[in-house]
Amino acid sequence: MKKPLISLPEGSKGQPRQRVADASQLLLVLGGDGTMLAAAHLAAPRGIPILPINMGSLGFLTSFTLEELHPALEDTLEGRFSLSERVMIGVELERAGKVIDNQRVLNEVVINKGALARMIELQLAVDGEFVCRYRADGLIVASQPARPPIPFPPVDPSCIPLWNPL
């Protein structure tokens with residue numbers, strides 16, 4: 001039987017995510033992969049480790065189940081843990097020679113035109129070096145997996161592996 005989760009009393013005020021991250025030495029993240037990705041966005045620039053607890057159903061990025069929360073937290077607080085560093089991808093969106101967005105992301109980047117399915121033209125560069133141009137519906141760039149990859153059907157040969165992303 002699962003124990004019910006405890007909520008903050010009505011009227012309780014939380015803190016903004018950035019303030020919590022700035023004041024933390026460790027982030028305890030309760031959620032699924034989406035929550036982990038959001039936490040990584042906050043933790044990475046601050047160099048804060050994350051203890052991820054899976055509250056979802058799959059949890060490719062989360063390491064522990066809810067049942068493992070207390071032992072994992074005790075071990076972590078007593079210094080019995082190992083760090084698993086993840087590769088992050090640095091992405092700049094540039095239009096007409098001007099950078100309009102700059103992000104650091106965990107896992108993958110999806111670039112597309114938006115809601116309408118139209119062809120777009122993309123130029124891919126790694127570490128500032130031109131790789132190729134694409135004319136396609138979009139482009140997915142993924143980082144090296146931290147775990148063994150899930151077997152997928154054969155990939156189109158135009159997909160090239162990118163090792164050593166930013």
Side-chain angles (χ1 to χ4, degrees), residues 14-66 72 81-166:
Q15 295 292 320
R17 293 177 182 184
Q18 291 81 2
R19 186 176 293 164
V20 171
D22 287 340
S24 299
Q25 295 177 359
L26 170 74
L27 291 184
L28 175 62
V29 177
L30 305 172
D33 286 350
T35 308
M36 175 64 180
L37 292 170
H41 187 73
L42 289 170
R46 294 167 174 85
I48 303 168
I50 299 172
L51 179 59
I53 307 299
N54 184 16
M55 303 286 284
S57 56
L58 286 177
F60 291 108
L61 299 173
T62 51
S63 304
F64 300 99
T65 64
L66 184 57
F81 63 88
S82 62
L83 290 177
S84 172
E85 292 191 14
R86 306 291 174 100
V87 175
M88 295 196 70
I89 303 171
V91 180
E92 284 185 350
L93 178 58
E94 186 179 301
R95 286 198 183 122
K98 184 177 179 183
V99 175
I100 61 171
D101 196 13
N102 190 333
Q103 299 282 324
R104 288 186 66 78
V105 298
L106 177 67
N107 220 25
E108 77 247 350
V109 172
V110 177
I111 303 165
N112 62 22
K113 185 74 172 178
L116 299 175
R118 293 186 185 160
M119 296 290 279
I120 56 176
E121 292 185 25
L122 302 165
Q123 178 174 304
L124 178 65
V126 176
D127 292 333
E129 296 292 321
F130 173 79
V131 175
C132 61
R133 285 188 178 82
Y134 291 99
R135 183 168 166 78
D137 296 331
L139 178 67
I140 299 173
V141 179
S143 65
Q144 180 177 343
R147 297 182 184 178
I150 300 167
F152 286 107
V155 179
D156 183 299
S158 67
C159 295
I160 58 170
L162 296 178
W163 304 96
N164 193 24
L166 292 176

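Only heavy atoms go into these numbers, but all of them, side chains included; no hydrogens, no water, no symmetry mates. Since the model is a prediction, treat every value here as computed from it, not as a measurement.
Distance CE/Met36 to CG/Leu27: 9.5 Å, rounded to 0.5 Å. The distance from the CD1 atom of Ile100 to the CG atom of Leu93 is 4.0 Å, given to the nearest 0.5 Å.
Annotation: side chain of Leu122 is in contact with side chain of Ile120 (closest heavy-atom distance under 4.5 Å). A heavy-atom distance below 4.5 Å is found between the side chains of Leu42 and Gln18. Counting heavy atoms from C-beta outward, Thr35 and Leu30 have side chains that stay 4.5 Å or more apart.
Pairing each heavy atom of Arg135 with each of Glu121, the nearest pair is NH1-OE2, 3.3 Å. Between Asp137 and Asn112, the shortest heavy-atom distance links the atoms O-CB, 3.7 Å. Across all their heavy atoms, Ala38 and Arg17 have their closest contact at CB-NH1, 4.1 Å. Closest non-hydrogen pair, Gly97 versus Glu94, comes out as CA-OE2, 3.6 Å. The two residues Met88 and Leu106 come nearest to each other via the heavy atoms CE-N, 3.8 Å. The shortest heavy-atom contact between Ile140 and Val110 is CG1-CG2, 4.1 Å.
Listed by first then second residue, pairs satisfying salt bridge (charged side-chain N to carboxylate O under 4.0 Å, His left out) with a partner in residues 55-64 number zero, not counting sequence neighbours. Residue pairs meeting the salt bridge (charged side-chain N to carboxylate O under 4.0 Å, His left out) criterion with at least one partner in residues 23-51, sequence neighbours excluded, are Asp22-Arg46.
Residues forming a salt bridge (charged side-chain N to carboxylate O under 4.0 Å, His left out) with Glu129 (at least two apart in sequence, or on another chain): none.
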Pair Asn54-Thr65, side chain to side chain contact (heavy atoms under 4.5 Å, CB included): steps then yes or no: CA-CA 5 Å; Asn54 184 16; Thr65 64; 5.5 Å; no
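Environment of CD in Gln123: crowded, with over 12 heavy atoms of neighbouring residues, nucleotides or ligands closer than 6.0 Å.
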